[in-house]
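All remarks here apply to the structure that follows.
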Amino acid sequence: MGALQRPCLTANNMTSPSVSQKSLTLKQIFAPVADGISSIDEALRGIATLDYPIVRGSVEAIIAAGGKRLRPAILFLCARFYNYDLEKLVPMAAAIELLHTASLVHDDTIDNALVRRGLPTLNSILDEGTTVLVGDFLFAKSAVLSTMGGKMRATRIFAESLVTISEGEIEQKFSSHHMTATVDQYYKRIYSKTAVLFAGAGEIGAVVADAPEDAIQRLRFYSKQIGMAFQVVDDILDVQSTAERIGKPTGGDLRQGTVTLPTFFYLENATQAEQDDLIRVIEGVDRSDAAVNQVLARINASDAVTRAADVARSFVEEAKAAIADLPDVPARRSLLDLADFVIQREY
């Protein structure tokens, strides 16, 4: 189950989640692991130990901003099926979340992003060199935490995830502003960029909890597919949401020269003139607001967003199927509900 897969692009056999599922909040979904979530928040607050006030304050703000805590929550939920030992799980969950935070710091530096989650990025406050050093500090802290779970295999999974993320960043850096990428390369990129850390979180949770090997692989596959769906939805939101809803400028991928799934699908039926306009934006010939907004309007007027949403649903259905035979514990219901949440979110 661990191999990277491209899903079918239709979802005719999918069932819609119930009304109760649609109304669930993350707090409700994460209820079986509320103790873990609160413990990780405490662990992360002790990370910003730098002596320089402006840097320490910035790191504290980044950690406090928090995000959804999806990756550590998945780690805890996957552990809930077996031996749920918080003393071993919390440092591993904190390592995963800190690795994610560090990667965002470096992402913002590479992309010269000034806003994330509606707040100024570290990149907008400090110079580039200092921002990179802070990201490196967070990476180092996460590496130390990853050794505290008592499982060499879990530490190795963490390290391998870091390598994959780094490779993905390098690949994206060299492939941006070019129209030569394929849809399969897109799937590989979002695995490296996003899904590998989801997959690592699920696998680490299962490993630390002494799950049997079949369950470890099922939980890793579930988590990977959720990560793939999450990134596809993120890319959809980038072309159709307002900046206020997603906490960053709309059309950011186009402005950065990154081709995402909705863009690939749009290109398939675009006229030559429409393709030329898009290529001018991607390659940086014309990245004006007028040019970007025109392309965004055309993408949203096509079937590209609907097709991309079908792909996200396919990933989610594969994730659900992977855990169907696992023990019927509250954590399994939470994982199923989380899968629905991922494709229903609006930010």
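Quick note: numbers below take in every heavy atom, side chains included, and nothing from hydrogens, waters or symmetry partners. For clarity, every value in this text was computed on a predicted model and none was experimentally measured.
For the salt bridge (Lys or Arg N to Asp or Glu O under 4.0 Å) test, no residue two or more places apart in sequence or in another chain qualifies with Asp325.
Between the Arg80 side chain and the Pro32 main chain, a donor and an acceptor come within less than 3.5 Å of each other. Looking at Thr155, its side chain does come within 3.5 Å of a backbone N or O of Ser146 through a donor-acceptor pair. Judged purely by atom type and a 3.5 angstrom limit, Asp253 has no side-chain atom pairing as donor or acceptor with the backbone of Thr258. The closest donor-acceptor contact from the side chain of Tyr222 to the backbone of Leu335 lies under 3.5 Å. Side-chain atoms of Asp210 do not come within 3.5 Å of backbone N or O of Asn83 as any donor-acceptor pair. Asp234 places no side-chain N or O within donor-acceptor distance of the main-chain N or O of Phe230, the cut-off being under 3.5 Å. Side-chain N or O atoms of Glu42 include none that pairs as donor or acceptor with a backbone N or O of Ser39 at under 3.5 Å.
Contact check on Arg218 versus Asp214 returns a salt bridge, with a Lys/Arg side-chain nitrogen under 4.0 Å from an Asp/Glu carboxylate oxygen. Ion pairing between Glu213 and Arg153 holds under the 4.0 Å rule for side-chain N and carboxylate O. Ionic pairing of Arg307 and Glu268 is present here: one or more N-O contacts between side-chain nitrogen and carboxylate oxygen are shorter than 4.0 angstrom.
Looking only at side-chain heavy atoms (C-beta outward), Leu278 and Val259 stay at 4.5 Å or farther from each other.
Each of Val311, Val305, Asp235 was checked for a side chain to side chain contact (heavy atoms under 4.5 Å, CB included) with Leu261, and the lone residue meeting it is Val311.
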